[in-house]
Amino acid sequence: MQVLQLAIVIIPISILVEIFNRFGIIDKISLKTEKITKLLSLPKEAAITCFAGIFLGILSGSGIILATIKEKGLEKHEVETIFILVGICHSIIEENIIFIGSGANVLIIALVRFFAGVLSAYVWQLIFIKKHSLLLVKK
């Protein structure tokens, strides 16, 4: 039953992503977010996966993330970076709607979550790069 529920979410999103890809929308999104993906040492194709997770959530975004990993052949550390970012600031619209009822400042919450996600992913990249460079020096 869970597989069916997952398929109901992932299949339409995958079709939508393919349509976006055919009409060049993904390329436009990738160009607009190129500074952030470069900061996180991610290929520009990773932008759509980040958007999916941030705006659609982990479950819906995971279909796009998994499809991109398979299609673009992202490396392990790139996938880890994406999941760190998305893990912190997933479902940014959906979850912030819940906070509106409590009177919280949704803009502040969204910005803090987004920048915390980017900062955490950036720090992860720094750790990975340092660890990787140390391994190269030891060889």
Side-chain angles (χ1 to χ4, degrees):
M1 190 62 155
Q2 289 177 338
V3 173
L4 180 62
Q5 290 173 330
L6 194 59
I8 289 170
V9 172
I10 291 175
I11 291 171
I13 290 172
S14 297
I15 292 169
L16 187 63
V17 168
E18 188 59 35
I19 292 169
F20 282 5
N21 199 16
R22 300 233 183 221
F23 287 103
I25 296 171
I26 291 178
D27 291 332
K28 291 176 185 173
I29 291 172
S30 296
L31 287 174
K32 298 276 186 199
T33 59
E34 192 171 12
K35 289 181 183 177
I36 293 175
T37 53
K38 274 188 179 180
L39 174 73
L40 300 177
S41 301
L42 294 172
K44 66 179 184 174
E45 296 85 10
I48 194 68
T49 63
C50 294
F51 267 132
I54 291 169
F55 293 107
L56 298 175
I58 293 175
L59 178 62
S60 302
S62 65
I64 296 170
I65 292 168
L66 294 174
T68 303
I69 292 167
K70 187 176 177 182
E71 184 180 311
K72 303 295 181 186
L74 297 177
E75 295 190 27
K76 181 182 174 189
H77 73 278
E78 293 170 333
V79 174
E80 290 168 344
T81 302
I82 291 168
F83 277 113
I84 289 169
L85 173 66
V86 170
I88 294 172
C89 59
H90 61 279
S91 304
I92 215 153
I93 294 174
E94 180 184 351
E95 289 185 3
N96 282 338
I97 290 172
I98 296 168
F99 293 124
I100 289 174
S102 68
N105 187 331
V106 177
L107 180 62
I108 290 175
I109 292 171
L111 289 173
V112 167
R113 286 180 65 200
F114 178 75
F115 287 115
V118 171
L119 180 64
S120 298
Y122 179 70
V123 169
W124 167 252
Q125 275 300 312
L126 292 178
I127 292 168
F128 173 79
I129 291 168
K130 184 175 182 179
K131 179 180 166 186
H132 187 68
S133 64
L134 286 175
L135 288 174
L136 290 176
V137 170
K138 287 182 181 180
K139 289 182 180 182

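- The list of side-chain hydrogen bond (donor to acceptor under 3.5 Å, both in side chains) pairs with a residue in residues 97-112, not counting sequence neighbours, is empty.
- Applying the side-chain hydrogen bond (donor to acceptor under 3.5 Å, both in side chains) test to every pair with at least one member in residues 82-93, sequence neighbours left out, gives these pairs: H90-E95.
- No continuous path of ILVMFWY side-chain contacts below 4.5 Å connects V112 to I36, so the two sit in separate hydrophobic clusters.
- Judged as a side chain to side chain contact (heavy atoms under 4.5 Å, CB included), and not counting sequence neighbours, the contacts of I92 are I54, F55, C89, N96, A110, R113, F114.
- Interatomic distance, CZ of F20 versus NZ of K28, reported as 11.5 Å (0.5 Å rounding).
- Distance OG1/T37 to NZ/K32: 14.0 Å, rounded to 0.5 Å.
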Show me the donor-acceptor pairs, under 3.5 Å and distance only, between side chains in residues 119-129 and residues at least two apart or in other chains.
{"residue": "S120", "atom": "OG", "partner": "A116", "partner atom": "O", "Å": "2.8"}
{"residue": "Q125", "atom": "NE2", "partner": "T81", "partner atom": "OG1", "Å": "2.5"}

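- A chain of hydrophobic side-chain contacts below 4.5 Å, direct or via other Ile, Leu, Val, Met, Phe, Trp or Tyr residues, connects F83 to V118.
- Residues L74 and L42 share a single hydrophobic cluster, defined by chaining ILVMFWY side chains whose heavy atoms lie under 4.5 Å apart.
- Summarising the geometry of T49 relative to V86, their closest heavy-atom pair is O-CG2, 4.4 Å, with the distance given to 0.1 Å.
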(message) Assess the residue pair C50 and T33 against the criterion (side chain to side chain contact (heavy atoms under 4.5 Å, CB included)); give the C-alpha distance rounded to whole Å, side-chain angles, the decisive distance to 0.1 Å, and a yes or no.
(response) CA-CA 10 Å; C50 294; T33 59; over 6 Å; no
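- Cluster membership check: I58 shares its hydrophobic cluster with L40, using side-chain heavy-atom separations under 4.5 Å among Ile, Leu, Val, Met, Phe, Trp and Tyr.
- The stretch residues 78-89 participates, sequence neighbours left out, in these salt bridge (charged side-chain N to carboxylate O under 4.0 Å, His left out) pairs: K76-E80.
- For E75, there are no side chain to side chain donor-acceptor pair (under 3.5 Å) partners, not counting sequence neighbours.
- Both L85 and L39 are members of a single hydrophobic cluster when ILVMFWY side chains are connected at heavy-atom separations under 4.5 Å.
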